[in-house]
Amino acid sequence: MAEETELRYDPAAIEPKWQQRWAADPKLYAAEPVDCGKPKYYVLEMLPYPSGQLHMGHVRNYSIGDALARHMWMRGYNVLHPMGWDAFGLPAENAALKNNTPPRQWTLANIAAMKIQMDRLGLGYDWACEVTTCLPQYYRWNQWFFLRMYEKGLVYRKKSKVNWCPECATVLANEQVVDGCCWRHETTQVDQRDLVQWFFRITAYAQELLDGLDKLDGWPEKVRTMQRNWIGRSEGTDVDFFLEEQGSGVRDQGSDAGPSTPLGAKSAPSSAQDDNAVRIRVFTTRVDTIFGATSVQLAPQHELVTAFTAADSRLKAQVDEMIDQQKKAREAGDLGAIEKHGVPTGRFAVNPYNGERVPIWVANYILADYGTGAIMSVPAHDERDFEFAMKYGLPITQVIKPIDPAVSQELPFCSEEGVLMNSGAYDGLSCEDAQKRLQEIAVAGNFGEPKVTFRLKDWGVSRQRFWGTPIPIIHCESCGLVQVPDEQLPVVLPDQIEITQQGGSPLSRVPEFVNVACPNCGRPARRETDTMDTFVDSSWYFYRYTDAKNANAPFDPEIVMYWFPIDQYIGGVEHAILHLIYSRFWTKVMRDLGLIVNDEPARRLFTQGMVIKDGAKMSKSKGNVISPDEMVGRYGADATRMYALFAAPPDRDLDWQEDGVAGVSRFLARVWRLATKYAPLARTAGMDSHPFRIERGMDGAPSTQPTGLSLKLLRKLHQTIAKITLDFEGRWHFNTCVAAIMELVNEIQAADAQLAAGEVPAPVVRELLRSLVLLLAPFAPYLAAELWEELGEDGAVLRASWPQSDPALAKEDELEIPVQINGKLVTVVRVAADADAKAIEAAALAGEKIQSRTAGKTVIKVIVVPGKLVNLVIR
RNA sequence: GCGAAAGUGGCGGAAUUGGCAGACGCACCAGACUUAGGAUCUGGCGGAGCAAUCCAUGGGGGUUCGAGUCCCCCCUUUCGCACCA
């Protein structure tokens, strides 16, 4: 065997060879037709943004998904395992600015580069259903959906304060604002601007999106909680306080020329409770405390404040300063830490329940965009109001006392375990009863109603960018907003465009794009120049995969019905609210459009941990980025992927240590040597030989039974099969799967001398190696393919059946039972695996160490757990 | 501040139901082989001790024959939310 030393595991030779073979076999990873008769399995990984470079997070995500897909193929499923590109978005425009490369060209080149990286990694995707969101074949359906939603009233336009990122020069959704800064530019503070924007009415589905979470038991609880908090449902009451008229002189002075009276008030009524009085609507979850309201607090941006300040320059200055201060705090990133601060407006409001007059203040802690932007302040029963009242010496009136007299009455008392006091006719009612009663009164008196408020806002989708889906609307001077007719879709992005850093939408500077005949009246009109948020693209791309080439519809409902819901979705937890809530919304909209029947996109969701390096997130700025190409080049794709699965359980963060990759690579080399060495022996056994699978005879007893070393190795094999199979069913601790394969290999390796001496029959060797390769196939596909061929097997290893564990063979016939005295380990005894408690106890007591330790002592109690342990309690 | 997850050797981690703590790998140490290699093989590797043994899963208490695992209190780290009325 002189040449043996020259043979080495060489991934650089093996991997390209199989890449070529696989590329020549497009059927290999292809989904089969819906009528193929097999059970389906849809495994989906989040599609990447084509930055040009895969990063380790992708490698990890895709290694998990690919292992699962390969396993399911081997289990005989019809697997859909697609990949695509989230190809619209700002970086392409930035690159265009920097390199003078058109976004399209830049993006498509990046896609080509990343596809090569994916192929090198050996990821088994069905490229026939590839989706690239920046191509008109895809985004025309964004436009189509937009129009269908527009027709259903789910799309609307409104002028609103929007989050504006000066760096992106575009609007951001609330979800894209993190600590007051842009999610892409973490140090760039977001401005507020007034713009007319397009919105998707996601709030129409707020309740359903919330309710659906309870049924998504295949999703991590963490994600469900985050979505619940984001939707932020709260039940309460809207109540109108009445604006008390000022002394007639003051009022009359400003009323004509001054601010338009807010909230539809007409003339100045004499009575505050007149039907025509200006109403200040507040939202409260604690209407039961309303008798303790000692002021009304308005957000600085509240429209009534604007009205007040128009006539009061001193107040205006104070309010402006407050808004400015909020802005600065946001810049500093500690909006929450800002001290409560307010100014009295000098105006008063009347409590509709008792006619009490309370001052109206403007306060910096009132959010303009939640509820009504106005609250009633009840210092005795709300911590924030308490803090505020203490600061400004506002009265604090207790109106709730605890039910349990033992509970401290110290204010603020915020519990709802109480009864009313100082509340007139309602004294003595429980908080809960009072809320109901007071709501009824408000409805009857026409000054309020029960109200459910959500924190979730409608989804602003307008972006003043070039590289996105054009919004398919035409502005016509005579017809207004006109839909682009379906047959004119897609509205295609112009090719020739100069990207500049000027504000506003780049498309507005392309006359050929903007100028269009109105589809309605034919007169000159202008196209909408906003493009859609890229989260639109990723909200439904996984439906398109099932029928990616359909030119007549976004997809064929029949095909979607077969594949959906997604059986397993895998991605990073950073998408827990943005992408995953939009996707759920889109699914419900498509269902209500009659396109699909499923309520939710994905049955199971798995969020993998981050890949970190030296305890910190990999980032260019920290200079700790490890490139997948480098790893693949040095150790091969198999070692890189397998390390990504081995180094930590998939749901936890993974610290990338190159030494670890080298270790996995050494392991694969060991497998390669072992398999190559004994493959010739294995091949001498016939293809159908399974001599040591236990056949049951007529009497139920095994008719063939391996013995000695063969038994030992086969037992380990079948234990390993059982362990890994179980993990694929749901626990997904692939790190221990890899460890189990290593143990198996170690055990076979330890028998090297006997194997070499021919002490193990060829059929057993074949069985061992064959199964080892099958177990390896989801984790190290290249090596598995290579060794499969080496073993003389026909066809792709992916088409072979996943091995089955034979429980009879996996079962140990002798066990080591630990024997404890008073809970401390003293010794172990070997007993038959099926020994009963009595036999185990006898064996334990017979042991020498036990004898000497119990001599002269009293054994009070003997605990025997068959198969587990013996514990002697002695004194 | 609120909520969630986590805390185990020098390091990544294992222990699926309360039952031999440290599987598997890395690093390290010793040895073998040698065409000297970032190769391979053998052995060792939580701490203390010559040893028998004792101590050890962030800290402290508890339940139990028995606790990394269950309960209570505390500490630390990470993540999410953070005036949502």
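- Regarding A:F646, its CZ atom lies at a distance of 8 Å from the C1' atom of B:G12, rounded to whole Å.
- Heavy-atom neighbours of A:Q207 CD from other residues, nucleotides or ligands within 6.0 Å: above the threshold of 12.
- Between B:A4 and A:R228, no contact under 4.0 Å exists linking OP1 or OP2 to a side-chain N or O.
- With a cut-off of 3.5 Å on both pairing distances, the Watson-Crick or G-U wobble partner of B:C81 is B:G1.
- At a non-hydrogen distance threshold of 4.0 Å, A:N735, A:T736, A:A739 from residues 732-739 of chain A come into contact with RNA chain B.
- Look at A:R652 and you won't find any side-chain N or O under 4.0 angstrom from OP1 or OP2 of B:U77.
- Rounded to whole Å, atom P of B:A82 lies 7 Å from atom CH2 of A:W230.
- Below 30°, between 30° and 60°, or above 60°: for A:Y353 and A:F291 the angle between ring planes is between 30° and 60°, a tilted geometry.
- Ring planes of A:H381 and A:F413: perpendicular class, angle over 60° (limits at 30 and 60°).
- A:Y635 comes within contact range of at least one nucleobase, with a heavy-atom separation under 4.0 Å.
- The heavy-atom pair separating A:P866 from A:I840 by the smallest distance is CA-CD1, 3.7 Å.
- The residue A:V873 sits close only to the backbone: its heavy atoms come under 4.0 Å of sugar-phosphate atoms, none of a base.
- Here B:A15 is the nucleotide among B:A15, B:G19, B:C79 with the atom lying nearest to any side-chain atom of A:R731.
- For the OP1/OP2 pair of B:C55 and a distance below 4.0 Å, the side-chain nitrogens and oxygens of A:K824 include at least one atom meeting the criterion.
- Residue A:R673 contributes atom CZ, which lies 11 Å from atom P of B:A39 at whole-angstrom precision.
- Regarding contacts with the backbone of B:A85, a side-chain N or O of A:Y370 is found under 4.0 angstrom from either OP1 or OP2.
- Under 4.0 Å is where a charged nitrogen must lie from a carboxylate oxygen, and between A:K838 and A:E841 no such pair does.
- The residue A:F667 sits apart from the nucleic acid: no heavy atom pair falls under 4.0 Å.
- For A:E432, the CD atom is loosely surrounded, since the number of other residues' heavy atoms within 6.0 Å does not exceed 12.
- For the pair A:R228 and A:D214, the salt-bridge criterion is met [side-chain N within less than 4.0 Å of a carboxylate O].
- In the set B:C79, B:G12, B:C41, the nucleotide with an atom closest to the side chain of A:Q749 is B:C41.
- Put simply, CG on A:N822 is 15 Å from P on B:U64, counting in whole angstrom units.
- Figure legend. B:A39 is base-paired to no nucleotide; pairs are counted as Watson-Crick or G-U wobble with both atom distances under 3.5 Å.
- Its glycosidic angle being more than 90° from 0, B:G49 falls on the anti side.
- Among the protein residues, A:E743 comes within range of the sugar-phosphate backbone only, with heavy atoms under 4.0 Å from sugar or phosphate atoms but none that close to a base.
- Remark: the separation of the C1' atoms in B:U8 and B:C55 is 15 Å, to the nearest Å.
- Base engagement by A:L726 is indicated by at least one non-hydrogen atom pair under 4.0 Å involving a base atom.
- Nucleic acid contact class of A:I366 (heavy atoms, under 4.0 Å, all strands): base.
- Put simply, CD on A:Q820 is 9 Å from C1' on B:C65, counting in whole angstrom units.
- With rounding to whole Å, A:Q719 atom CD is found 16 Å from B:C24 atom C1'.
- As judged by a 4.0 angstrom heavy-atom cut-off over every strand, A:D653 is placed among residues touching the sugar-phosphate backbone only.
- In this structure, A:K340 is not positioned above the aromatic face of A:F388 in the sense of NZ or CZ being under 6.0 Å from the six-membered ring centre and within 45° of the axis.
- Base-pair partner of B:A56: not found among the strands shown (Watson-Crick or G-U wobble, both distances under 3.5 Å).
- In this structure, CD of A:E747 is placed 13 Å from C1' of B:A23, rounded to the nearest angstrom.
- The side chain of A:P649 lies closest to B:G13, out of B:C20, B:G13, B:G25.
- Heavy atoms only, all atoms of each residue included: A:A644 and A:L654 are closest at O-CD1, 3.1 Å.
- Among the protein residues, A:G232 comes within range of no part of the nucleic acid, since none of its heavy atoms lies under 4.0 Å from any strand.
- Contact annotation for A:K340: base contact, defined as any heavy-atom pair under 4.0 Å involving a base atom.
- The distance from atom NZ of A:K617 to atom P of B:G80 is 9 Å, rounded to the nearest whole Å.
- Base pairing analysis places B:C65 opposite B:G19; the two distances defining the Watson-Crick or G-U wobble pair are each below 3.5 Å.
- When distances are taken from the side chain of A:R455 to each of B:A82, B:C26, B:A85, the shortest belongs to B:A82.
- Comparing atom distances between the A:R666 side chain and each of B:G25, B:G19, B:A27 picks out B:A27 as nearest.
- Applying the Watson-Crick and G-U wobble criteria (two distances, each under 3.5 Å), B:G7 pairs with B:C75.
- A parallel orientation is assigned to the rings of A:F728 and A:H71, their planes being inclined by less than 30° (bins at 30° and 60°).
- Side-chain N/O atoms of A:N871 and base N/O atoms of B:C65 include a donor-acceptor pair closer than 3.5 Å.
- Picking from B:G80, B:C24, B:C20 the nucleotide with the shortest atom distance to the side chain of A:M226 gives B:G80.
- Using a 4.0 Å heavy-atom criterion, one finds that A:N746 contacts the sugar-phosphate atoms exclusively.
- Pair assignment for B:A14 gives none, since no Watson-Crick or G-U wobble pairing has each distance under 3.5 Å.
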